[in-house]
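Let me begin by presenting the structure, written as structure tokens, before commenting on it.
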There are 2 protein chains.
Amino acid sequence: MRLGDDIIQDEYTPDEGTLQEDEKMLKYQKIAEDMEHYIIDNALRQGDKLPVLEDLRKKYEVSKSTITKALELLEMKGIIYQVRGSGIFVRRHRRKGYINLDENQGFRSGLDDFQLTSEVLGLEVVAPSEEVMANLSISAEEPVYQVKRLRFIHGRPLCIEESYYKKSVVPFLNEQIVSESIFTYLREGLRLKIGFSDNFFHIRKLDEDEAELLALKTGDPALYYESVYHLPNGEAFDYSKLVYNYQEAQFYLQINSLS
Amino acid sequence: MRLGDDIIQDEYTPDEGTLQEDEKMLKYQKIAEDMEHYIIDNALRQGDKLPVLEDLRKKYEVSKSTITKALELLEMKGIIYQVRGSGIFVRRHRRKGYINLDENQGFRSGLDDFQLTSEVLGLEVVAPSEEVMANLSISAEEPVYQVKRLRFIHGRPLCIEESYYKKSVVPFLNEQIVSESIFTYLREGLRLKIGFSDNFFHIRKLDEDEAELLALKTGDPALYYESVYHLPNGEAFDYSKLVYNYQEAQFYLQINSLS
DNA sequence: TTGATAAATTGTACCGGTACAATTATAATG
DNA sequence: CATTATAATTGTACCGGTACAATTTATCAA
């Protein structure tokens with residue numbers, strides 16, 4: 001089976017028109033976004049105090065629980081923290097240049113400032129291997145897209161990526177989509193939502209082929225990172241394996257205590 | 001300043017009596033815990049359906065919003081996922097033997113089954129270095145405990161740990177506490193709650209000293225992991241640097257899409 | 001000035017309600 | 001029997017309320 005010989009679909013053009021704030025944003029989402037902008041625009045720093053709940057309620061003219069919901073969201077995102085009896089405070093502690101693992105949207109937020117490019121090494125529809133079958137919980141009959149890419153940051157090799165997408169969920173991919181951001185396409189082109197992901201990683205040494213692609217030496221260290229992405233209904237649709245250049249990759253992760 | 005020469009404090013004996021379910025558990029916490037036990041005891045698997053919200057409400061005799069809160073907690077912990085219009089489902093996907101990064105309690109949950117031991121390499125009260133001052137946001141006058149440990153898993157070296165605790169928050173540490181679980185002591189001995197943590201990591205090569213401690217070779221790969229732990233009120237109290245043995249360390253991380 | 005005590009502030013737990021959106025089951029239709 | 005329309009199921013958004021716990025501020029005593 002060859003690439004793109006069976007599916008007809010409306011073409012996808014990224015960034016069509018202005019950045020519409022999604023079709024239907026919920027109240028608490030809008031409030032959270034607005035507050036985040038406020039924090040950024042006013043360059044607030046760790047520990048700075050935000051208006052108290054009651055004032056926010058008056059300002060946005062919603063009920064207390066809607067404000068609470070917005071604040072929960074911001075808290076989970078690591079943008080604020082709340083202290084009972086005291087107030088709401090800004091929590092910004094990210095070091096620059098670190099890949100943020102908290103939001104499973106590829107590299108969207110952590111590396112905004114960076115020049116990310118991709119070289120497509122392979123793109124085809126294949127039958128799943130045992131490994132892919134296990135991780136995506138599918139049978140041998142379920143076809144998947146196999147995507148191999150070499151990703152660059154500022155022109156330097158960042159990682160080797162080998163991804164598998166269930167064709168029933170992602171029916172069409174082409175060279176252009178894959179050379180840009182696949183997740184942007186999933187989100188905006190297919191209007192696909194992501195539910196959650198499982199992520200595994202460990203360290204190992206590069207083999208000869210990997211080393212050559214990353215312009216490193218055989219035996220050099222590497223971070224080996226696996227992800228399984230699920231739709232909101234729990235269905236796994238993407239299994240990805242990444243091998244990171246140890247000289248370029250540094251990661252950030254914010255963890256909240258689950259009360 | 002020498003160790004333990006200035007603070008008198010009630011002695012700490014771990015596991016005093018039976019595992020009391022904390023002094024005052026909230027309704028939604030108890031429900032979440034009960035449901036988690038139910039899932040484990042009945043060996044439910046990924047995708048298995050749980051009772052619908054209304055039935056849970058009747059069973060636990062609480063309001064809908066309390067059930068919702070409990071389910072939110074379980075969702076954040078990666079134990080369930082909810083699908084609107086469909087139901088509540090079990091989400092268990094952890095590979096065995098991986099360190100779980102989601103819950104910031106040291107190695108508590110991810111490595112339950114494993115034999116974790118520690119060799120204390122150093123324990124003293126010191127003035128903070130520039131690096132510690134920056135990460136804990138303290139001045140040179142604020143004393144900190146410095147703890148150096150070599151941690152073993154099944155008797156094999158897992159990581160080198162160098163930790164700094166603000167003495168104003170953790171006024172007392174001794175060899176025995178430090179040779180066991182520091183976080184258990186913080187939680188149960190000091191009744192300290194953790195708010196959130198910032199975590200950073202990257203890959204690098206071992207230097208000579210590190211290699212010797214980990215029984216590896218100079219230049220071998222290693223995961224270099226830094227954490228800054230904060231109290232619920234936002235105060236940073238612990239800065240830790242870990243160097244992981246690449247042969248033993250593998251990590252798991254569950255990420256939810258923040259709607 | 002210090003330190004305890006009381007009061008005000010402020011976020012969280014919990015209730016119970018309406019409306020609605022996404023899914024699934026059922027009925028109708030060809 | 002497959003397809004489509006309809007209805008029932010089920011979780012989520014949002015409201016507005018009471019009670020309470022943790023923190024901060026104000027007050028008072030020594």
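Residue numbers start from 1 in every chain, and the chains themselves are labelled A, B, ... in the order their sequence lines are given, proteins ahead of strands.
- Side-chain polar atoms of B:Glu142 and B:Ser168 form a donor-acceptor pair below 3.5 angstrom.
- Separating the CD atom of A:Glu54 from the P atom of D:dT18 is a distance of 13 Å, rounded to the nearest angstrom.
- Side-chain atoms of A:Glu131 and A:Tyr239 include a donor-acceptor pair closer than 3.5 Å.
- At whole-Å resolution of the value, CG in A:Leu73 and C1' in D:dA13 are 13 Å apart.
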side-chain contact (heavy atoms from CB on, under 4.5 Å) between B:Val90 and B:Gln46, worked out: CA-CA 5 Å; B:Val90 172; B:Gln46 177 92 9; 5.8 Å; no
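- In the set C:dT12, D:dA13, D:dT12, the nucleotide with an atom closest to the side chain of A:Leu26 is D:dA13.
- In this structure, B:Arg84 atom CZ and D:dG11 atom C1' are separated by 7 Å, rounded to whole Å.
- In this model, the phosphate group of D:dG16 is not approached by any side-chain N or O of A:Ser65 to a distance below 4.0 Å at OP1 or OP2.
- Here the nucleotide nearest the side chain of B:Ser63, chosen from C:dT23, C:dG16, C:dT12, is C:dG16.
- Each of A:Phe201, A:Tyr225, A:Tyr98 was compared with B:Phe201 under the ring-ring contact (aromatic ring centres under 6.0 Å, His included) criterion, and only A:Phe201 meets it.
- B:Asn256 places its CG atom 12 Å from the P atom of D:dT12, with the value rounded to the nearest Å.
- Between A:Tyr28 and the phosphate of D:dC14, there is no side-chain N or O to OP1/OP2 separation shorter than 4.0 Å.
- Atom CG in B:Asp55 sits roughly 12 Å away from atom P in D:dT9 (whole-Å rounding).
- Listed candidates were C:dG11, C:dG16, D:dG11. Nearest to the side chain of A:Ile88 is C:dG11.
- Of the side-chain N and O atoms in A:Lys64, none sit less than 4.0 angstrom from OP1 or OP2 of D:dC15.
- The residue among A:Arg57 and B:Asn233 whose nearest nucleotide of DNA chain D lies closer to the 5′ end is A:Arg57.
- When distances are taken from the side chain of B:Lys27 to each of C:dC15, C:dG11, D:dT10, the shortest belongs to C:dC15.
- B:Lys193 places its NZ atom 12 Å from the C1' atom of D:dA21, with the value rounded to the nearest Å.
- Taking atom CD1 of residue A:Ile67 and atom C1' of nucleotide D:dC14, one finds them 12 Å apart after rounding to whole Å.
- Remark: P of C:dC14 and CG of B:Leu71 are 13 Å apart, rounded to the nearest angstrom.
- At the phosphate of D:dT10, neither OP1 nor OP2 sits under 4.0 Å from any side-chain N or O atom of B:Gln82.
- Looking at B:Tyr164 and B:Asn135, their side chains never bring a donor and an acceptor atom within 3.5 Å of each other.
- Contact annotation: B:Ser86 side-chain N/O to D:dT9 OP1/OP2 distance is not under 4.0 Å.
- Out of C:dG11, D:dA13, C:dC15, the shortest distance to the side chain of A:Lys69 is found at D:dA13.
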